[in-house]
Every structure is written in structure tokens, then in C-alpha cells.
Amino acid sequence: MNKPTVIVSLVGTQLDFVGKRIDRWSRWRPNVSLCSQEDLLVSELHLIHDNHSKRLATSVSADITLVSPETRVNLHAINFANPWDFEEVYAKLFDWCQQQVFDTDKFDYLFHITTGTHVVQICSYLLTESRHFPGRLIQSSPDHNNSNKSVGRVQIIDLDLSKYDQLATRFDVEHQAGSAFLKGGIATKNTSFNHLINQIEKVAIRSLDPILLTGPTGAGKSQLATRIYQLKRKRAMLKGPLVSVNCATLKGDNAMAALFGHTKGAFTGAQKSRDGFLLSAHHGVLFLDEIGELGLEEQAMLLHAIESKTFHPVGSDTPIKSDFQLIAGTNRDLKAEIANDHFREDLLARINLWTYTLPALKERKEDIPANIDYELELFSQKNGRRVQFNKEAKRAFIEFSMSPKAYWTGNFRDLSSAITRLCTLADSSRITVADVEDEISRLQQSWGEPVPLGLQSNVLECLADVLSAEQMATLDQFDLHQLGFVLQTSQRHPTLASAGRELFDKSRLLKSQANDSSRLQKYLAKFGLKWADLGH
């Protein structure tokens, strides 16, 4: 059973007005038409008017009673000092909605957007879209095919876009275009990476909060930050520039002045004032690559600037305003940096609302062929010369690139450099198998022995103290990580027994005789090691 319909509308001072003319029934009038529809029974009409239109509202109400006796008309006076003032109109319509008691279980609510100024219509849409008015929109218009000109026709608009297949398809196409743009047009196949980019696309066009991009050097953080900025510019979300800063280059006293600017004479050598990177990024994007390299004092001022949009240039007591979006990049573990007192915990809390870790190239090996094609095209655009692999050469390079022999320690920078070298050295614009073999040798020589995945430098030092590079190369990742942990723990203890008690802290409780020393001795022996080898 359909619920009764309640409509909110405004008096149309032009369209609803006909004076006392008897032929008013031969004309289309929006609010009268609204209540004249055969397939729309209006139970209640809330008619909004200002003091100057009270007589017109009363006249329209009387005519509605004639055409639709079932409709109860309630008149509401709202006076707009300026019906074209967006702030005033929205505020007063918002307040009116807040004063009403909407019972969506018993009634269907419609907001009539045919009458009123364009500002009123926009505000009606916004209140409906935000659910402050819990209903749908309705439009009325003349119906030239109906002999009764006063009836007209109506159209209900539901703002639930999921119900509109065509619109949903258009939005999906636009979303895919945005994701493809962030990927540089590369047809990537890695599922987790594609999911990551799809989410970043949503955040890029819906949020101005800081974004933190983490991941190893060469994973593409700078390129992604640039594309996020370009996507925002395409959507007219920004009008300022992209200011990219490598924080590793900001050292000493110059770091503060470079970021926040300085006044003339603020320090020795400051012969003229300087704006600084934060002010240069006003209404744009500030990309701070390697943000973990900033000093603690600069981090504190940056946090204040992000939160208040103001900061003090060096040597100035006058605050400067800069409204920018921050994108930060780092290859460091910032939580570990906090533990070592190298990074501020409150700054990380502020910038990690949207944190995305870009995977290393060796974690996306299925994307290597598409990236090779991308780098070939990029070389052609830069150099005005198209170079291609021959069939056997391309197969050989892709096979190597996706094999365990390819460490890609520099990630996409390594791949880009390899393609640049191959294209530059190729004779007759054709890369041969011989060219590929030379490049593979060059890459392997530059990589040397691979660093075990995920091992920190202090763990590597422990392992290197007791094992040779050849021995480490024969161990699985599992053994390397486990042995590294055992060695680190053992360094903190003077005896086998105390080290064993920490390492076997749970399982020892289940044994009648713990034998911690013996268990640790046997574990070390698996790798040809003795307690004495650990430097005790």
C-alpha cells in the first residue's frame, strides 16, 4: 500500500500569479498543476511564501482546494532579504527543515523545485541530497500534448544514483578513467596494486586531507604524487601549483628558511626576503618527499601549519596563511623513527589518515611487460626516435625481468634506466638478443648480492658477523629472519641459559626440564654456529 504523499513547495511569484482572471484555469501554474495529477494524490502541501506573497499563497491554496479537496495546504512564511544570497537561503531553509517532524515510515516526502530562484532550487537539492530533507525531488512543467493546459506533468527525481543505470555507468567510466590516469595509462594486472590505485583515485577527488605514500625508493611515489595533483587540477579542485621538495636536501639552518620562508636580515646572508615552499604551495599541493629526513623542529612547525593553515617565516612575528594539501613520501618506517626519537608521533598521527604503501617492482612482476612498453613509448616521446625489441630479444628480457634472478633493487628506476640504455645502444632502432644479454650482465653487476627481503640493517649486521655472504645466499627467507632474531636476542644476554629463557619463554613452561641452554645450542648448530661464535 502506497504511503500518503507530502510535498514542500514555494509560491511562484511569477508562474503562480494570474490575478483575478477567470481564465486562470486555462493556464499552467506549477503548484496548482502539482495537485492536479491523476496518478499523484497529494495528501499535504507545505507552501512556503514571504510576507509580500501571502495574498498570492492564499489564492493558490484556495484553487488547490477546488481541484484537489483531499489536499491539506499549510502556509509557511519565510522571508528572504535577498533570495539570491546563497548563505541566507540555505540557512533559512535548513532551519525550517530542522523545525519539522518528518515521519518517513508513514509518509513519502517530495520537494518541489520548479518555483523559487535558482539559488532556492540549488539549496533544495542540497538539503535533499544531505537527507536534511528526507525525501525526493519533484519537478512540474507544462504538457503541450494535453488539451487541459492547467494540468501539466510532473517528474520525480530520486537522488539515489544507484537506481540510474546510465548515470551509474557514466560514473564508473569516469572512475576508471581517473584510475588509469593515476597509473599513467599502464594496463597493470596486479590485483592489490589496482585496488590501491582505485582507492587513491577516490580519495584524490573527495578529500583535501594529507596523503602519506610509503614504499621503497624507486617505487613511484613522486610520479604518483604528481598524477594526484594533475587529476585534482583536471577536476578543478585546485588552482595553485604543485611544489615538490626532497626533504633530504634540507639540512641545518637553511631547512627552516626554505620551508617557511624568511624576512630580509633574518640571519647572516638573508639579503632579501623569501616566500618558502609552504607559501608557494598556497591553494595547491605540497609534496614533501622523504619527510622522515626533516628535523624535529621543522616537523613541529609543519604540524602547526597543517592544522592552522598559518606559520611564521624565520625572523617574522607576523603569521602567514597558506592553504595547501600535503602529500608526503617516505621509504622509512616512521613508527620505528618515532621509537628512536627521530620523528614526531603527533605529526605522523596527523598525516597518516590516508596512508598507502606502494609495492616494490619485484612484488608486481606481472606488471613488468606493460611497464616495459610504457618505458619504450616514453623514450620515443623524449627522443623523437621509436625503438622496439625484436621478438626473441623481448622474450628474453621479459623472461629475465620476471625471474628470481632479477632483484630490481632500484625498482622502477632500474627498469627505466635499463630500457633507456637498451634503446640508446640499439642499432637500426631494433633491440637484439645480444643487446639484452649485455644489459642483463650490466644489471646483475650493479645489483651484486641481493639484500634479504625485509631485513633491517641491524639484523643484517648480526648475520654478517657470523655468516659469509655465500652462506647467507643459501638460506631461505624464513631461516634468515628467524636466525637474525635469535642472534639479536642473544647479544643482550651473557649466557646461553638467560638467552634461552627469553627465546623459549612459553614452551619452556610445558617441559619438566626446560634445558634452555641445550635447545639454543642445538638451534645454532643447525647453521654451524656455537655460542662462542657470537662474540661472548
Any donor and acceptor pair, going by atom type alone, linking the side chain of Asn352 with main-chain N or O of Thr355 inside 3.5 Å?
-> no

Judged by modelled atom types alone, do Asn31 and Ser9 share a side-chain donor-acceptor pair under 3.5 Å?
-> yes

Going by atom types only, do Thr357 and Thr214 share a side-chain donor-acceptor pair under 3.5 Å?
-> yes

Do side-chain atoms of Gln388 reach the backbone of Ser429 as a donor and acceptor pair under 3.5 angstrom?
-> no

Under 30°, 30 to 60°, or over 60°: which ring-plane class applies to His76 and Trp96, parallel, tilted or perpendicular?
-> perpendicular

Determine yes or no for a side-chain-to-main-chain donor-acceptor pair under 3.5 angstrom, with Thr226 supplying the side chain and Ser222 the backbone.
-> yes

Please work out which of the three classes, parallel, tilted or perpendicular, describes the rings of Phe397 and Trp408, given edges at 30° and 60°.
-> perpendicular

Report, as yes or no, whether the 6.0 Å neighbourhood of atom NZ on Lys321 holds more than 12 heavy atoms from other residues, nucleotides or ligands.
-> yes

For residues 68-75, which side-chain donor-acceptor pairs fall under 3.5 Å, sequence neighbours excluded?
from  : atom 1 : to    : atom 2 : distance (Å)
Ser68 : OG     : Glu70 : OE1    : 3.4
Ser68 : OG     : Thr71 : OG1    : 2.6
Thr71 : OG1    : Val42 : O      : 2.6
Arg72 : NH2    : Glu44 : OE1    : 2.9
Arg72 : NH2    : Glu44 : OE2    : 3.2
Asn74 : ND2    : Glu44 : OE2    : 2.5

Between the main-chain N or O of Thr420 and the side-chain N or O of Glu375, is there a donor-acceptor pair closer than 3.5 Å?
-> no

Distance-only check: which donor-acceptor pairs under 3.5 Å involve side-chain atoms of residues 119-133, not counting sequence neighbours?
from   : atom 1 : to     : atom 2 : distance (Å)
Gln121 : OE1    : His118 : ND1    : 3.4
Gln121 : NE2    : Ile113 : O      : 3.2
Gln121 : NE2    : Thr114 : O      : 3.3
Gln121 : NE2    : Gly116 : O      : 3.3
Ser124 : OG     : Val120 : O      : 2.7
Thr128 : OG1    : Ser124 : O      : 2.8
Ser130 : OG     : Leu126 : O      : 2.9
Ser130 : OG     : Leu127 : O      : 3.2
Ser130 : OG     : His132 : ND1    : 2.6
Arg131 : NH1    : Gly135 : O      : 3.2

Between OG1 on residue Thr104 and OH on residue Tyr109, distance to nearest 0.5 Å | 7.0 Å

Pair Asn190-Ser192, side-chain donor/acceptor within less than 3.5 Å = yes

Correct closest heavy-atom pair for Ala187 and Ala370 would be O-CB, 3.8 Å

Distance only, no hydrogens: is a donor on one side chain within 3.5 Å (strictly under) of an acceptor on the other, for Lys183 and Thr188?
-> yes

Arg29 side chain to Leu34 main-chain N or O, any donor-acceptor pair under 3.5 Å?
-> no

Can a donor-acceptor pair be found between the side chains of Asn246 and Glu290 at a distance below 3.5 Å?
-> no

Can you find a side-chain donor-acceptor pair between Thr5 and Asp108 that sits under 3.5 Å?
-> no

